[in-house]
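What follows is a single structure, written as structure tokens, with notes after it.
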Amino acid sequence: MNMNTNFDKVDIKQFQHDLITWFVREQRDLPWRKNGGDPYKVWVSEIMLQQTRVDTVIPYYERFLEKFPTIESFAEADDESVLKIWEGLGYYSRVRNLHSAVKEVVQHYGGKVPETPEEISKLKGVGPYTAGAVLSIAYGVPEPAVDGNVMRVLSRILLMWDDIAKQSTRKLFEKAVRELMYYENPSYFNQALMELGALICTPTSPSCLLCPVRDHCQAFEAGVQEELPVKTRKKTTKHVEIVAAVLKNKDDQFLIRKRPEKGLLANLWEFPNVEDHGPYVQMRQGLAGYLKNELEIDTELETGTFEKVNHVFTHLTWTIDAFSGKLIGDFSGRPNYKLVCKEQLEEYAFPVSHQKIWQAYKKQYL
DNA sequence: AATCCGTGGCA
DNA sequence: TTGCCAAGGAT
């Protein structure tokens, strides 16, 4: 597409003024807008907000900064507490990468978050969006911060029909932002574009009649705002049947294990479980056999499940049948397995699906 | 480039 | 109920 043609239709100065004026007047009162411009706090908020709703993030953000108020305090945190504070927020590699990157900043940058695109982009978990967001919001550096909101807003204003699901498309929007950027206040400009996308220029049913930049919007002029942005998608939802065991030994300790360091729900803890496709009786027997073979432990599993969890991931669905049981004899111990009392258990980070199992177990047995 | 990586809200 | 999706990044 010929982007110059589309820019010719925009009065850039007037657009900037209308957008910024609206943002100053209408921006939401969010916790990370009261962080004093601390680059560390801006950084934390941007990582949490990746693919995650504002309302979900707010309590996590408050708790996180209460526990780790400075970049040094977070750098010193142990891995278990880092994962625990992220429990339930999803995309757990975010916090592992953030922790790694923060330690890098403390060690090699004296605790000062880098303020150039080249340096900040080298940090783990800091991609093009986060780099631009932290640099512009914390330091006023005029870098684009192109997220889903920005692509949606600009696709409509500039009538860009490029598929935003394609990774290469982001560069087109970064180029557009550089053309439109309000260089007097990059922080406000980037935030205003995102805020407009969140409050007015929404994915469905945008509130065009309330839009401060409606007069600059080529999609509104053409009446095609509902058709933009173009976003292709595919869906291949796989279903996995799982049987899990909440096992208690004679000392009222429970058997848990740590998930692998890579892949789904990396490093989180869970109740011993195995994939199974069999009918009901075979499921239970299969689970007992698995525990016997893999862990060399004897168990007495109850005949009925006490909880059935259906958990939907983006591209995967788990159905977990949970059995309560006794752990017979001594457990010799295996790598990644632990016996813990119920108070200790709740200090480890579990996926939401296994949290549900534990809550159901407590309600029924404790 | 295409796929993986969580969760909860919503129409 | 089902699919979409919300301030993306790594591989």
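Please read these numbers as outputs of a predicted model, since none were measured by experiment. Letters A, B, ... mirror the listed sequences (proteins, then strands); counts begin at 1.
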Touch class at under 4.0 angstrom, heavy-atom based, for A:Ile137 against every strand present:
nothing

Contact under 4.0 Å: A:Arg152 side-chain N or O vs C:dA6 OP1/OP2
yes

Donor-acceptor pair present, A:Gln167 side chain and B:dA2 base, under 3.5 Å:
yes

Judged by nearest nucleotide, the residue sitting upstream toward the 5' end of DNA chain C, A:Asp147 or A:Lys262, is A:Asp147

Would you kindly give the CH2-to-C1' distance between A:Trp32 and C:dA7, to the nearest whole Å?
9 Å

side-chain N/O A:Gln51 vs C:dG8 OP1/OP2, d < 4.0 Å
yes

Could you measure between the two C1' atoms, the one in B:dA1 and the one in C:dG9, and give it in whole Å?
15 Å

Salt-bridged, A:Lys67 to A:Glu62, with N to O below 4.0 Å?
no

Using a 4.0 Å heavy-atom cut-off across all strands, classify A:Arg28 as base, sugar-phosphate, or nothing.
base

How about A:Glu72: does its CD atom have over 12 heavy atoms from other parts shown lying under 6.0 Å from it?
yes

Rounded to whole Å, how long is the line connecting atom CD1 of A:Ile320 with atom P of B:dG6?
14 Å

Would A:Arg170 and A:Phe173 count as a cation-pi pair here, with the cationic atom under 6.0 angstrom from the ring centre and within 45° of the axis?
no

Result for 5'-nearest mapping on DNA chain B, choosing between A:Ala266 and A:Ser168, is A:Ser168

Please verify the inter-ring angle class for A:Tyr361 with A:Phe254; under 30° counts as parallel, over 60° as perpendicular, anything in between as tilted.
perpendicular

Measure CD/A:Glu87 against C1'/B:dG8 and give the value in whole Å, please.
15 Å

How far does the C1' atom of B:dC5 sit from the matching atom of C:dA6, given to the nearest Å?
15 Å

What is the distance from CE of A:Met48 to C1' of C:dG8, rounded to the nearest Å?
15 Å

Minimum heavy-atom separation for A:Tyr60 to A:Thr56, with atom names?
CD1-O, 3.3 Å

Whole-Å distance between B:dT3 C1' and A:Leu264 CG?
13 Å

With rounding to whole Å, what would you report as the distance between C:dA7 and B:dA2 at their C1' atoms?
23 Å

What about A:Tyr91, does its side chain sit under 3.5 Å from the base of B:dG6 through a donor-acceptor pair?
yes

Touch check for A:Thr56, heavy atoms < 4.0 angstrom, all strands: base, sugar-phosphate only, or nothing?
nothing

Have a look at A:Thr130 and say if it touches a base, only the backbone sugar-phosphate, or nothing, with a 4.0 Å heavy-atom cut-off.
sugar-phosphate

